[in-house]
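Letters A, B, ... are given to chains in the order of the sequence lines, protein chains preceding strands, and every chain is numbered from 1.
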Amino acid sequence: MSELTRAEIQSDLQEIFRRIFNNEDLVLSDSTTSAEIPGWDSLQQIKIILACEKKLNIRLRARDINALENMGEMIDHLIAAVNKASRK
Amino acid sequence: MQGDDLRPLSLVKAARELLIPGSDIEAIERVATRLKDVEISGLANLKPLNVQIIANITSDYLCDYVRLMFVRSGFAATVQPGHYGGLVRDLLGEVDLNASPGNAAVVMFTHRDIQYPPPLGIDAKEARELVNREVTFWTSLLERSKIPTVVVSFDLPPRRMLDEQDGLTPGGLGWHVRMTNLEIATRLSSTTSLIDAEALQYRVGATQWYDERLYHLCKQPYTMEALPEIAHTIVAAMTGLLGGGRKVLVLDLDNTLWGGVVGDDGLQTLELGSETAEGEAFVAFQSYVRDLSRRGIVLAVCSKNREEVARAPFREHSGMVLKEEDISCFVANFQDKATNLRHIARALNLGLDSFVFVDDNPVERELIRAELPEVLVVELPDEPAYYERAVEASKAFPLRSLTREDLGRVASYRAIAAVQEASSSATDMDQFLRGLSPVAHVEKIDGSTVDRVVQLIRKTNQFKLNLTSFQEAEILEAAGDIIALRLVDRLQDYGIVAVAVAKPVERALRILNWVMSCRVFGRRLENVMLDMLCEHAQSRQCDTLEAGYTPTEKNVILPEILCRLGFETADASDVYHRSVHPLSGEPHYMSIIDRRIKHE
């Protein structure tokens with residue numbers, strides 16, 4: 001698997017967020033937190049992560065899913081998971 | 001906000017256009033998510049419904065799909081997710097389960113809810129005792145619900161301490177779950193429908209059923225991928241319970257019932273029979289269709305052919321499983337199929353919303369989807385061996401329990417088509433009716449008839465005074481005040497097709513509800529019922545009949561019928577009155593057999 005850039009993951013995430021929150025105008029940045037997006041609760045968080053797993057073909061551990069505080073952190077986790085998967 | 005008013009309607013359209021199964025889960029999820037945010041009640045003839053989910057699990061994700069499937073079944077449903085961990089509490093009264101129109105509930109059990117799991121090493125007798133306790137515990141809770149309720153039975157647990165014996169021998173948890181489900185199934189009220197979780201589980205597949213990580217994260221035990229099938233199954237069962245199941249299967253012929261085009265290829269070259277793999281697949285599909293018809297699904301043919309050509313295989317091809325007499329309405333011509341489907345609906349006296357359309361030609365399917373959105377169009381695969389699966393997966397024919405009327409229904413629709421034909425050509429309607437030698441049986445209300453009476457009142461839409469429905473127990477209790485008529489003529493036995501519930505209130509006999517199946521319209525059975533009601537009134541010292549009519553979208557025919565029967569209403573009110581004298585007057589040519597009277 002080729003290395004994914006931060007920008008690519010961010011754009012994937014943005015597409016997933018737009019779908020899940022049903023809002024085509026949503027724009028994400030590294031500092032976006034759940035407080036800023038109406039409806040981003042723990043159930044939506046799980047949906048987001050599952051969608052990312054599917055899109056990037058990775059599996060995260062349960063403890064990581066709940067630990068994600070903001071967008072930057074989420075992207076870091078996803079990149080790490082993608083790299084780990086591609087080393088296998 | 002420009003254009004926003006169009007969105008809910010286009011979402012309803014999008015929901016109907018999804019192929020389930022067929023569309024990918026992201027497409028389904030997208031529509032389901034969007035539907036959550038819009039008001040759809042009152043749109044596109046969707047019937048309003050409030051559905052409360054009652055479960056220990058998190059059902060929030062599932063709710064979105066349930067709402068979507070309801071739209072596809074003709075309901076604008078609000079779906080409330082259960083209170084997490086609230087299964088027992090909600091059944092005990094946190095949720096209002098008293099009869100109230102438009103309310104329904106979905107109770108979801110999982111293996112984690114088992115109250116009396118068998119401890120390792122107990123003997124068979126103790127294991128059976130635990131099943132008894134389990135069943136009593138849950139049925140006493142389920143009995144509290146007086147509204148239409150779909151119950152998802154216990155799924156098989158993944159942990160099998162007794163290995164292959166776990167589901168097969170007393171003492172295994174799998175055995176306990178299976179026995180509990182079987183026993184609960186025998187103790188349900190008429191307003192409850194039980195889903196076979198094990199069958200649902202194997203349709204979805206074990207790897208798509210449990211998701212332990214998701215359960216620990218948010219208490220949803222199933223994978224996200226399992227949700228559409230679970231929701232579809234629940235909604236199909238609820239639709240059946242609410243009387244909304246479909247009744248007619250309309251079939252194309254060439255490449256649907258046999259391989260090849262009979263008009264071009266001739267009879268002998270058709271793929272049909274055990275000589276070839278494809279011929280065998282068509283035989284298998286026909287036998288599935290025939291079994292559906294035995295179960296009460298009415299078959300119709302709609303083919304672009306000359307009629308003699310279309311009928312030839314039915315008469316002459318040895319590979320045919322279906323016979324001409326299995327087809328209640330046979331239409332073969334070169335008109336467009338939408339026009340033909342409307343014709344079939346008229347001939348059978350059934351709405352297009354009870355139709356399922358099966359045609360191998362995608363162009364015809366598109367036409368029907370566009371022209372008649374109320375018809376359910378099955379997306380047939382290219383391979384005929386998978387036709388059965390495709391029809392089965394549409395879940396268009398939910399069945400709660402098989403009644404004698406289901407078994408006789410097909411003959412009865414064949415008779416209707418014959419009656420329609422005869423009555424349009426008969427010069428003298430009276431002569432025609434008399435020629436049928438009709439007999440009306442006044443049935444006794446007891447254990448053998450109560451199911452049908454409850455079902456008829458619930459399922460009838462057109463000839464129905466109002467929305468009042470009754471539980472089995474209420475019907476049995478009021479047996480003396482219920483008139484149930486079975487119609488038999490020289491063509492066939494229609495079963496119980498008319499019911500009236502009428503109680504005296506001072507000097508008036510109040511008709512609480514009165515229904516008659518559309519299968520016997522035009523037979524003047526309503527005149528027989530009127531006479532029965534007048535007689536009943538007199539025996540209860542009443543001198544008037546009183547009928548409270550509640551208009552709905554479908555029972556608009558009633559005021560005219562009531563007036564024809566001599567009822568009158570003051571100031572355009574919806575309460576109709578009639579003196580018990582005189583009797584109906586219009587000749588109905590029926591002999592009456594009263595089965596309520598004991599013959600010594």
Requested in this report: Mind checking side-chain hydrogen bond (donor to acceptor under 3.5 Å, both in side chains) for A:Asp41 and listing every partner two or more places apart, or none if nothing turns up?
Outcome: none

Query raised in the report: Of the backbone (N, CA, C, O) and the side chain (C-beta and beyond), which part of B:Glu225 lies under 4.5 Å from a heavy atom of chain A, both, or neither?
Result: side chain

**Report entry** Atom NZ of A:Lys54 with >12 non-hydrogen neighbours under 6.0 angstrom
**Finding:** yes

Query raised in the report: Does the side chain of A:Thr32 come within less than 4.5 Å of A:Ile37's, by heavy atoms?
Result: yes

**Report entry** 4.5 Å side-chain heavy-atom contact, B:Asp166 and B:Leu173
**Finding:** yes

Query - Part of A:Lys47 lying under 4.5 Å from any heavy atom of chain B - result: both

Query raised in the report: Hey, does the Lys NZ or Arg CZ of B:Arg112 hover above the aromatic six-ring of B:Tyr215, less than 6.0 Å from the centre and inside 45° of the axis?
Result: yes

**Report entry** Neighbour count >12 (heavy atoms, 6.0 Å) for atom CG, B:Asp24
**Finding:** yes

Query - A:Leu43 portion near chain B, given a 4.5 angstrom heavy-atom threshold - result: both

Report summary line: For B:Tyr222, the ring pair (Phe, Tyr, Trp, His ring centres under 6.0 Å) test, sequence neighbours excluded, returns B:Trp209

Report task. Write out, in numerical order, the residues from residues 69-92 of chain B with a heavy atom short of 4.5 Å from a heavy atom in chain A. Result -> none

Report task. Check each atom of B:Arg34 against the heavy atoms of chain A and say whether the ones under 4.5 Å are side chain, backbone, both or neither. Result -> both

Query - Test ring pair (Phe, Tyr, Trp, His ring centres under 6.0 Å) applied to A:Phe17 - qualifying residues, sequence neighbours left out - result: A:Phe21, A:Trp40

Query - Contact origin within B:Gln220 toward chain A - heavy atom pairs under 4.5 Å - result: neither

